[in-house]
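Only a predicted model underlies this, so the values are computations on that prediction, with no experimental measurement involved.
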Amino acid sequence: MRKYRDADGNVKAECKHCKKMFDGSSKKGTTHLKNHLERCPANPKRKGAGGRYVDDRDISLSPSIKTKELASLIKGKSVRDLIRHLSNMEGDISAKIWGDRDPWVIKSRKGEILQLYQEEKEKLCQFLNNLSCRFSLQLVFGRYLVVNYIDDSWERQSKIISFCQRRRDHIENLIEDVKQSCLDWKIDTNVCSLLPREIDPADDWDNQIGKVETWFSQRRSLPFAGCLSDGFQIMGYIHGILHSEDYLRDGIQSLTECAQYVRNKSTSDKLLQLDGAVEAAISELEQGPLASGFFDYFGNAVGLKEVFLGLEQLDSDFRSINLSKQKWDEVTATFEHLKFLKRLTISFMWGTCDIPIIVDLPYVHKILKDRCNHPIEDCPFCEKVMKKAIDIFFTKYYLVRVIAVILDPRFKMDGLQLHYKEIYGSDADRYLEKMNKDFRDVYDEYAATDSSNSKSYEMLDAMGRPSSPKSELDRYFNVLKVPRDKQFDILAWWRSNAPSFPTLARMARDYLAIEKHFAPNAVELIDDIVYIDDNFDFDELPEIITPLVCLKGLLGSAEN
């Protein structure tokens, strides 16, 4: 250290190796100066692991051993423990990130970490490009880009290929990051779908999504399934729309006033006693939909309707503030629509077939007609909310679900035909014709690029003579359906039957990867990073946090 006084007369200490400045006053002692010298990355003689002095000349002698040790360290620790270890931190992870400490260890191994990251990235990039499948991209929390796919062994896989330290605060930046990541990983021409987890109604969603769909469509040889809204987010999107709609505000204000009146009345009038369930529902109405969400809020309101109507008969003052019949009808209709949307969302998320794949407003009107007390076609919820939800989610998801269900050997087309006739009646044939055409159009595009020439298959009759060739699709439909066992492993079935149906097997790998997301290792990794996210200020972390996070996922891959 070189000590000197600055222009203001303060004692300073300068490290001769890295030229970093410190407070050199005797009041501060010399421990912090000694610690820095032992850790300074520019100091050729500094302390390493275990307190032993190391020489940079020795470090360069065994790069393979050091890289192997670093890889083992990253693979064996959680992300939060890894950061603590590499920054030599002690105590709880949520403590002040650096304090007076210099993150010398993380900086000293920066080059090594970046080199290891580049090597592992190139290895996985080559692996992905050698796979004979396409990829489903998924954006999580605006920070993580996950690639989902079914590998050549017919196992579901998920890999985090991009991690952004700052939340992507605008959809344009988010989309550009996705496109750049696809180019970096060389999978831009082999993407089947994109699933953004978060949808903000305030964003220029339709315009930006239209742009990215065009970009992916222009770069592929097979159909791009589109940008599909995740079922986990659709109710949040609906709530975002409801918060911005004026037509609900009068009803919510009236419900709040009614709840407050009943609460005050029960306190002052001993004759009015509320049981536990009613009291809890009253409390929810007082807090408003922001506290419990619109579904629970309107569910509580509908549950209190009879209570309020009964009180109205006994209390003329309450009668003057209680909702009118029209307002109660709107509250009931809103809840029934939300209940329908929730059930529909769950059906799409978990792949059940109790709700038709084609969802449109006429179907919604038909289902809800008997549940509400006023004309569905004129319902403000249908006009302002339901149509947007159907357009942005269910309609776009339609073909993905059609393909996934038809390629499930337990269902194929037969179950859908019966179900559609039950639901749509005389209109069923029209819907089934569209579904059949859309499915076969996608199949024909796959068959046109299939080197195995699986469009037709020579069949023999009972005498062993060639009969008219049957298409692969016809043969698949003629094979007996698999019993509807809940434990059925659809990927194992396709692994065994792919040689018989090569084109359909390619479709199955692409579209079944869209249906289910996140292998367990990706879930654990994201959970781990979310913990870091909640407790760290990423602006204070070194720039290698992104390579570290990605390395954790890469080194945990089966391919490695």
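Every ring-ring contact (aromatic ring centres under 6.0 Å, His included) that Phe135 has, sequence neighbours left out, goes to Tyr149. Judged as a ring-ring contact (aromatic ring centres under 6.0 Å, His included), and not counting sequence neighbours, Phe298 has no contacts. For Phe439, the ring-ring contact (aromatic ring centres under 6.0 Å, His included) criterion is met by no residue, not counting sequence neighbours.
Between Lys481 and Arg410, the closest heavy-atom pair is CD-O, 3.7 Å. When all heavy atoms are compared, the tightest approach of Cys192 to Phe224 is O-CD1, 3.3 Å. Here the closest non-hydrogen pair linking Lys186 and Cys125 is CD-SG, 4.1 Å. A pairwise comparison of heavy atoms in Leu473 and Tyr443 identifies N-OH, 3.7 Å as the closest pair.
With respect to Asp414 and Lys412, no salt bridge is recorded, no charged nitrogen being found less than 4.0 Å from a carboxylate O. Electrostatic pairing of Asp510 and Arg506 does not count as a salt bridge here, judged by no charged N lying under 4.0 Å from a carboxylate O. Electrostatic pairing of Asp438 and Lys434 counts as a salt bridge here, judged by a charged N lying under 4.0 Å from a carboxylate O.
No side-chain donor from either of Asn148 and Gln157 sits under 3.5 Å from a side-chain acceptor of the other. Between the side chains of Ser132 and Asp152, a donor-acceptor pair is found at a separation under 3.5 Å. A donor-acceptor contact under 3.5 angstrom links the side chains of Gln115 and Glu119, judged on distance only.
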### Task
Take Thr503 and Thr449 through the test side-chain contact (heavy atoms from CB on, under 4.5 Å) and record every step on the way to the result.
CA-CA 9 Å; Thr503 299; Thr449 62; over 6 Å; no
### Task
Show your reasoning for whether side-chain contact (heavy atoms from CB on, under 4.5 Å) applies to Leu407 and Trp494.
CA-CA 9 Å; Leu407 293 181; Trp494 276 107; 4.1 Å; yes
### Message
Assess the residue pair Glu155 and Ile150 against the criterion (side-chain contact (heavy atoms from CB on, under 4.5 Å)); give the C-alpha distance rounded to whole Å, side-chain angles, the decisive distance to 0.1 Å, and a yes or no.
### Response
CA-CA 5 Å; Glu155 298 289 340; Ile150 296 172; over 6 Å; no
### Message
Let's go through Asn300 and Glu284 carefully: what are the C-alpha distance in whole Å and the side-chain angles of both, what is the deciding distance for side-chain hydrogen bond (donor to acceptor under 3.5 Å, both in side chains) to 0.1 Å, and is it a yes or a no?
### Response
CA-CA 7 Å; Asn300 284 319; Glu284 294 286 349; 4.5 Å; no
### Message
Could you go through Thr334 and Tyr297, starting from their C-alpha distance and side-chain angles, then the distance that decides it, and tell me whether this counts as side-chain contact (heavy atoms from CB on, under 4.5 Å)?
### Response
CA-CA 11 Å; Thr334 299; Tyr297 180 83; over 6 Å; no
### Task
Test Gln180 against Glu176 for side-chain hydrogen bond (donor to acceptor under 3.5 Å, both in side chains), laying out the working first.
CA-CA 6 Å; Gln180 188 58 52; Glu176 286 304 313; over 6 Å; no
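Cation-pi geometry between Lys339 and Phe295 is not met: the NZ or CZ atom fails to fall both under 6.0 Å from the ring centre and inside 45° of the normal. Relative to the ring axis of Trp154, Arg509 places its NZ or CZ within 45° and under 6.0 Å from the centre. Under a cutoff of 6.0 Å and an axis angle of 45°, Arg495 and Trp493 do not form a cation-pi pair.
Atom CG of Leu551 and atom CD1 of Ile160 lie 12.0 Å apart (nearest 0.5 Å). Here the CD atom belonging to Glu213 is positioned 12.0 Å from the CD atom belonging to Gln218, to the nearest 0.5 angstrom. Taking CE of Met507 as the start and CG of Leu222 as the end, the distance is 10.0 Å to the nearest 0.5 Å. Atom CD1 in Ile403 sits 12.0 Å away from atom CZ in Arg401 (nearest 0.5 Å). The structure places CD1 of Ile514 at 5.0 Å from OG of Ser136, a figure rounded to the nearest 0.5 Å.
In this structure the side chain of Phe216 never reaches within 4.5 angstrom of the side chain of Ser193, judged on heavy atoms. No side-chain heavy atom of Leu195 sits less than 4.5 Å from a side-chain heavy atom of Leu139. Between Leu183 and Ser181 there is no side-chain heavy-atom pair separated by less than 4.5 Å. In this structure, the side chains of Ile252 and Pro289 come closer than 4.5 Å at one or more pairs of heavy atoms. No side-chain heavy atom of Ile490 sits less than 4.5 Å from a side-chain heavy atom of Val482. The shortest side-chain heavy-atom distance between Ile161 and Val146 does not fall under the 4.5 Å cut-off.
The backbone N or O of Leu504 sits less than 3.5 Å from a side-chain atom of Glu472, completing a donor-acceptor pair. With hydrogens and angles disregarded, no donor-acceptor distance shorter than 3.5 Å links the side chain of Gln138 to the backbone of Leu194. Under the 3.5 Å distance criterion, the side-chain polar atoms of Asn190 are matched with a main-chain donor or acceptor of Cys133.
If you look at Phe127 and Trp185, their ring centroids are not closer than 6.0 Å.
For Gln126, the CD atom sits in a loose shell: 12 or fewer heavy atoms of surrounding residues, nucleotides or ligands are nearer than 6.0 Å.
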